[in-house]
Amino acid sequence: LEGYYAGLFRRLNLTADQVAQFKGFRDSAALDALNALPPGVREQLDSNPAAVRQMIAATEANLDAQVQAQFGDALYAQYKLDQQTFSQRVTVDQLEQSLRTGPSPLTDEQANQLVQILARTEAPGPKTLYSRITPDAVNQAATVLTQEQLLALQQLQQQQQQAGGN
């Protein structure tokens, strides 16, 4: 989670003070949501999915309000876009990590374009932590990635297929 937020902070160009404020908002929002649960529900979180969903929704709403109030509409809009493309960003982060030590790391522009491609080509089904790389995504990515980067994307696609049993 910290790694995800580090990428968000970089994309938003937050200063060190703003990063500290955001982390404080995030921690405060989670604590406030936990404290807002009805008596007895906190103890049942492991066995009560509805209570967990309620806590997550309250945390997100609280954090959203604080981020928008402190950082303004433009940064808030970017933050929300990041939230909506979370699984795609996790996948792109995996690809970035595999390319980081080689001669052809992803540029920020390539990473953003790949997030958009993955969002457009997402296969139907339940949401997961990462975005499934479809053949259509690979075809579209060929227009923005180098050959080496495209091969790394295809390797990641194969890893996903092997892990998912496809």
Side-chain angles (χ1 to χ4, degrees), residues 1-14 19 22-23 25-27 29-30 33-34 44-64 67 71 74-166:
L1 196 55
E2 283 301 316
Y4 167 74
Y5 277 112
L8 172 65
F9 299 151
R10 187 183 76 248
R11 286 186 292 280
L12 295 178
N13 294 318
L14 297 183
V19 168
F22 186 95
K23 287 180 178 181
F25 294 158
R26 183 194 61 203
D27 295 344
L34 187 61
Q44 300 172 8
L45 284 179
D46 288 337
S47 61
N48 189 340
V52 172
R53 284 190 297 276
Q54 176 187 358
M55 187 180 83
I56 290 170
T59 300
E60 289 174 352
N62 190 345
L63 182 57
D64 285 355
V67 168
F71 299 116
L75 284 180
Y76 175 73
Q78 179 62 45
Y79 164 74
K80 289 308 288 182
L81 178 62
D82 254 54
Q83 296 297 306
Q84 293 165 355
T85 58
F86 180 81
S87 63
Q88 291 84 14
R89 291 195 183 281
V90 168
T91 301
V92 171
D93 286 347
Q94 288 176 317
L95 180 63
E96 283 182 309
Q97 287 174 5
S98 72
L99 293 168
R100 192 166 287 140
T101 58
S104 190
L106 288 181
T107 65
D108 288 343
E109 181 61 26
Q110 286 175 311
N112 288 333
Q113 289 176 334
L114 192 51
V115 166
Q116 293 171 10
I117 289 169
L118 291 172
R120 281 194 310 265
T121 61
E122 190 164 44
K127 289 283 188 186
T128 60
L129 177 60
Y130 60 89
S131 181
R132 288 267 181 214
I133 302 167
T134 64
D136 193 27
V138 172
N139 290 337
Q140 290 184 36
T143 65
V144 298
L145 300 179
T146 67
Q147 188 62 35
E148 180 183 350
Q149 292 167 335
L150 188 61
L151 286 172
L153 180 66
Q154 290 168 326
Q155 289 173 345
L156 185 55
Q157 180 189 37
Q158 290 173 351
Q159 291 170 5
Q160 286 181 351
Q161 290 170 345
Q162 290 169 354
N166 296 337

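The figures here come from the full heavy-atom set of this structure, side chains too, leaving out hydrogens, waters and symmetry mates. Computed from a predicted model, the values in this text were never measured in an experiment.
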_When you measure from the side chain of T91 to the backbone of S131, do you find a donor-acceptor pair of N or O atoms at a distance under 3.5 Å?_
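Yes; judged by distance alone, with no hydrogens or angles, the pair exists.
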*Has the side chain of Q94 got a donor or acceptor atom that lies under 3.5 Å from a matching backbone atom of L156?*
no
*side-chain contact (heavy atoms from CB on, under 4.5 Å) with V115: which residues, sequence neighbours excluded?*
T85, Q88, R89, V92
_Partner set under side-chain contact (heavy atoms from CB on, under 4.5 Å) for L75, not counting sequence neighbours_ = L12, L14, F71
Which atoms form the tightest heavy-atom contact between [X] and [Y], and what is the distance?
X	Y	answer
R132	L118	O-CD2, 4.4 Å
Q157	P135	NE2-N, 3.6 Å
Y76	D64	CE1-O, 3.4 Å
L150	V138	CD1-O, 3.7 Å

*List for me each residue that meets salt bridge (Lys or Arg N to Asp or Glu O under 4.0 Å) alongside E96, sequence neighbours excluded, and say none if there are none.*
none
*asked:* Restricting to side chain to side chain donor-acceptor pair (under 3.5 Å), what partner residues turn up for Q97, sequence neighbours left out?
replied: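 Once residues adjacent in sequence are excluded, Q97 has no partner under the side chain to side chain donor-acceptor pair (under 3.5 Å) criterion.
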*What residues form a ring-ring contact (aromatic ring centres under 6.0 Å, His included) with F25, not counting sequence neighbours?*
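ring-ring contact (aromatic ring centres under 6.0 Å, His included) list for F25, sorted by chain: empty.
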_How long is the straight-line distance from CD1 of I117 back to CG of N112, given to the nearest 0.5 Å?_
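One gets 11.0 Å once the value is rounded to the nearest 0.5 Å.
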*Could you list all the side chain to side chain donor-acceptor pair (under 3.5 Å) pairs where at least one residue sits in residues 134-148, not counting sequence neighbours?*
S104-T146, R120-Q140, D136-Q140, T146-Q149
*With side chain to side chain contact (heavy atoms under 4.5 Å, CB included) as the test, would you mind laying out the steps for Q155 and S98 before giving the verdict?*
CA-CA 10 Å; Q155 289 173 345; S98 72; over 6 Å; no
